[in-house]
Amino acid sequence: MTSHGICDRVAIVSMGCTPFGEHWDKGADDLMLDAVKATLAPTGLALQDMDAFWLGTYMSGISGLTMSRPLRISGKPVSRVENMCATGSEALRSACYAVASGAYDVAMAVGVEKLKDSGYSGLTRASIPGDGTGGTLGTTTAPANFSLLGPAYAEKYGVSQSELKDVLTRIAWKNHQNGARNPRAQFRKEVAPETIARSPLVAGNLGVFDCSGVSDGAAAAIVVRAEDAHRYCELPLYVKALSLVTGAADGNVDPNYDFTSFPEVVASAREAYAQAGVTDPRSEIAMAEVHDCFTVTELVLMEDLGFADRGMAWKECAAGAFDLTGRLPVNPDGGLKAFGHPVGASGLRMLFECWLQLRVEAPADRRIPDPRGRLGLTQNLGGGPGECVSFVSLVGTERGA
Amino acid sequence: MNGLISLGVYIPRYRLQREAIAAALGTGGGRGSRSVASYDEDAASLGVEAARKALSGVGHRPERLYFATPAPPYLDKSNAAVIAAALGLDRSVFAADFGGAPRSGFGAMVAAAEADAPALALLSDLRTGRPGSSDESSGGDAAAALLFGPGTEEDPVIARVIAMAATTEEFLERWRAPGAQHSRTWEERFGEHVYGPLAEESFTAALKQANRTPSQVDRLLTSGLATRAVRQFARTSGVRAEAVAADRWNELGNCGTAELGVQLADALATAGPGELIALVLLADGATTVLLETTEHVTQRRPDPSVAAQVEAGAPISYATFLTWRGVLDREPPRRPEPDGPAAPPAHRSAAYKHSFQATRCTACGTVNVPPSRVCYSCSQIDEMAPAPLSTTLGTVVTFTVDRLAFTPSPPMIAVVVDFDGGGRFRCELADADPDEVHIGMRVEMSFRRLLTADGVHNYFWKAKPLRSSQTNSIEENA
C-alpha cells in the first residue's frame, strides 16, 4: 500500500466534547449543537466560517442533513460518514484530508450518537434484507464477538482462565479509576476489583463491568492548514498520522486467523508509525486512547499497537504499565469503559483527550507525566475480531519535529 | 416394486422425564421419559436429519421425496421442497408433502415402495398435547427416513415388500380441526372396539397375499395413536408371543407418524436374513405391510441405531419443554427481534443456505465459507467449484457463551469451527451445554430452524457436538 501521509500539513485548533451518558433530555440535534458550540467558542469562529463539514454517525441520522438542518448550516458541503464504531475517526480523517488537499482552509469534524432512545441496552443494527445466514456478525452480540478473543488468547499463551479474568478486571478497574476523575465521563465512580470480577456474565468471561457504557454524546474538532494554526490557537495539535485499515473480513473465513490479535490494528499502527516516523512507540508516545469496547479488546490492543510483546500484555497490564502513572498511560480519560461509547462520537472523544493531555489542560488528578516532545495516539475500531475497521492517529504539539 | 435400501432415524437429543409433569401440575406424567425436539427443530428439520442418515454412504439418490407429518412448518408452501434443498437433491426430484396423521406416514412409505424410481419416504412428528394431557406425556418427537429403490450391487435391497393390505373406515376416534393446537379423542374403549376387526382384516389379508400364517411372522411391529387398541391387537394377532416387538414408549414415547419407522429401525438393528416383519398401523382403518429381510440386512444397519440415540439423550425441565413448545409465553431477551430472511437473497444463496455448499478455489484449493467469488487466500476471481460441507466434521477454534443474544433458549453458544480439509465457519452450537464447550471440541453440522419472523422460517446450519455414543460419524460412514 502506498500512502502519502500528511504529517504536519494540518492542525487541530479547537475541540469540544459533551459529557457522555444517558441524555434523556437531549436529542442528537442538541448534542451536536453542544459540541459544535463548545468547539467554536474559544476560536471566535462562527459556523459560517467553516468551509466544509463531516458528520460521523452510526445510526442517529442519514445524510449531511442530519446536521445541516438543526444547525441551519446553509450553502456548505456537509457529508455524513459511517464506519461502525470508527465513525468519529472517519469524520476526522475526511476533514483532515480535505484540508491537506488544499480544497478547504477550515473544516469541521463532528461525531454524534444517540443510543439511549432505542429502548435496548447494547448496540442495535439497521436492518438490511438478507438471506438469513446472518453474516458473521449477525446473530451474536458485540460482547460475544469480542469475547471470542479470551479463550483463544488464554489457550495460545498458557494463561489460566482465572489469571485472564484477573487481568481483565484490572483493566476495567484502571479505566474506572481514570474515569472517576473525568467530569465528562459516563461513570464517575471507582469500582472495586471484587465488584468488577463478580458482575453478572454477559458473554464468555466478560461481565457487565467488562463492557463499555452505552451512552449518548457528541464531540467536534476544527481542522485548518498547519501554517494557519496559530491564527486560531496558541497551542494547536499537529496531525502526524492518520491510518485507516478495513480488513477483508477473512478472520471468520480463514483458519490461519487465531483470534488473539486484530491484524487490521497491526496494519494501521504500522502505517501510522511510518507516516509519523515513529520507530519506538513505547518511548515516543506519551499516552494512548484505545478502543476498549471490552476489557479483552484493550488487552489484545496493547500487543497489536506494539506497546507490549506478544503474549506479554496480560503481565504488563497486571503490573500497571498502562496505568495513569505507568510507563505508557492508556485511556487516561476512562476509555470507552468509563467515559462511555456513543459510537459515532468515540473517535473524536479519544482525540479530545489528546487535546487536553498534550496541551497540559487535563485536570491535575488525572494528568499524565510530562508529554512534551512526545505524541498522543488514538486507536478506534469498528466490527470485531476477524472482521474489522481500525483507525490509528498520531498527534503532537510540535510541528516539524 | 421397490425394496428397502436404507433406513435412517433421528431422535432429537432432549428428554422430558414424565415425573416432571406431575411434579409441576400435580397430575399427569407417569414413568419414563419422552423425546423432545429442541427449540430450533421442527418436523422439516427432523426429517432432514433422518434423511441424511438414510442417505449417508448410499449411492442412490432419490428421485421422489414424500414427506409426511401432522406438524408441518408451512402450509401452502411445500416442506418437502425445503427438505430436498437441504439434502442437496437434484432439481429434477419430485418432492411432495403428505399432510396429516400416522396414516399419511404409512401412505408415504407405500408410495415410495410403489414408485418406479428410487424414492424416499420421510415420516416426521412433533407430538404435543395440553399440559397434563396423555398426549403430552406419551408423545415423542422423531423422524424416520426410508429409502426405497430397485437395489444395485453397491446398494442392495435389505428388505423386500412382499404384501400390503389396508382397510379404511370412517369413524370418530381422534381428530383436530385446522389451526387447533391439540387433538381430541373419543373414549378409548370405543376405538378399541372399532380397530380390532379392522386390524385383523388387513393383517389377515396381507398374510394371505404372501401365503404366510401369523405363526411365521418373526417380528410384529404395531403402531398407532390409539394405544389400547394397538396393544390389544398385538395380543390377539396370533403371532408368537416372542415375535411381538417391544416399543420405545418408556424412553421416547409414541412418536406418532414416525413411530413405525422407529420400530422398524429397532427391528433392523438385530434382524437376520430371511425374517418376516409385519408392520401394522391402526389409523383411520388399518394397514399392514409385510417385509422380508434379505441376506444384505446385516450389511446396512440403521446408523446410529435407535438404541444409541436413546442412550445419548439429555434431560430438560418441564418449564423448558413448555417454553420451546410456545405454551409458556416467557419474557424475551431485551433485544430487537431478528429479521427473517428475504426471498431474493435466500434464493440466490440457496445452495449455501439450504445444503451448506461452500466453494473451493480451483486455483489454490482453499475452501471459502460462505461461498465467495473471490478467493480470500489467492484473490483469484470466479475460479470456484462447489464444496459441499454438510457432512464434514470440524473442530472448535474458539467459542463464547452469549447471554444477551436473542434466543428462545438462552444462553446462545457460539463457536468458530475449522472444517477438516479446510474452511472456517462461525455459528451457533446446538444441543450443547455451556460448560462442555471447549477449544478442540469435535463437531458435526446440523440443519436447524434459526428463527421464525413474519411466518418465515429461517433454516440454516449449526454445529453440534460429535457425541462419543455415535457408533460412526457421518463422515466415516460416507
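Note that this is a predicted model, so its numbers are computed, not measured. In what follows, every chain begins at residue 1, and chains take the letters A, B, ... in the order their sequences are listed.
To the nearest 0.5 Å, the span separating OG1 on Thr141(A) from CE on Met412(B) amounts to 8.5 Å. Going from atom OH of Tyr120(A) over to atom CG of Leu404(B) covers 12.0 Å, rounded to the nearest 0.5 Å. Considering CG of Asn256(A) and OH of Tyr376(B), their distance stands at 6.5 Å, rounded to 0.5 Å.
Enclosure of atom CZ in Arg198(A) is not indicated, since only 12 or fewer non-hydrogen atoms of other residues, nucleotides or ligands lie within 6.0 angstrom. The environment of NZ in Lys116(A) is crowded: more than 12 heavy-atom neighbours from other residues, nucleotides or ligands sit within 6.0 Å. Heavy atoms of other residues, nucleotides or ligands lying less than 6.0 angstrom from CG of Asp454(B) number 12 at most. A 6.0 Å sphere centred on NE2 of His438(B) holds more than 12 heavy atoms belonging to other residues, nucleotides or ligands. Within a 6.0 Å sphere centred on CG of Asp382(B), heavy atoms belonging to other residues, nucleotides or ligands number more than 12.
No donor-acceptor distance shorter than 3.5 angstrom exists from the side chain of Asp402(B) to the backbone of Thr140(A), with no hydrogens or angles considered. Checked by atom type and distance alone, the side chain of Arg348(B) never pairs as donor or acceptor with a backbone atom of Asp131(A) at under 3.5 Å. Side-chain atoms of Arg424(B) come within 3.5 Å of backbone atoms of Pro255(A) as a donor-acceptor pair (strictly under, hydrogens ignored).
Between Thr400(B) and the choices Leu148(A), Asn205(A), Leu149(A), Asn145(A), the side chain to side chain contact (heavy atoms under 4.5 Å, CB included) rule is met once, by Leu148(A).
Thr133(A) is listed as a side-chain neighbour of Lys353(B), based on a closest heavy-atom distance under 4.5 Å.
Pro151(A) touches chain B through backbone and side chain together, each having a heavy atom under 4.5 Å away. Using a 4.5 Å cut-off between heavy atoms, Ala248(A) does not touch chain B at all. In this structure, the portions of Asp254(A) lying under 4.5 Å from any heavy atom of chain B include both its backbone and its side chain. Using a 4.5 Å cut-off between heavy atoms, Phe399(B) contacts chain A through both its backbone and its side chain. Interface residue Tyr352(B): only side-chain heavy atoms are found under 4.5 Å from chain A. With a 4.5 Å cut-off on non-hydrogen atoms, Val369(B) touches chain A through its backbone but not through its side chain.
With chain A as the partner, the residue from Pro411(B), Ala342(B), Gly340(B) showing the most heavy-atom pairs under 4.5 Å is Ala342(B). Among Asp258(A), Asp250(A), Val202(A), the residue making the largest number of heavy-atom pairs under 4.5 Å with chain B is Val202(A). With chain B as the partner, the residue from Ala142(A), Gly251(A), Gly386(A) showing the most heavy-atom pairs under 4.5 Å is Gly251(A).
Closest approach of Ile439(B) and Glu155(A) over heavy atoms only: CD1-CB, 3.7 Å.
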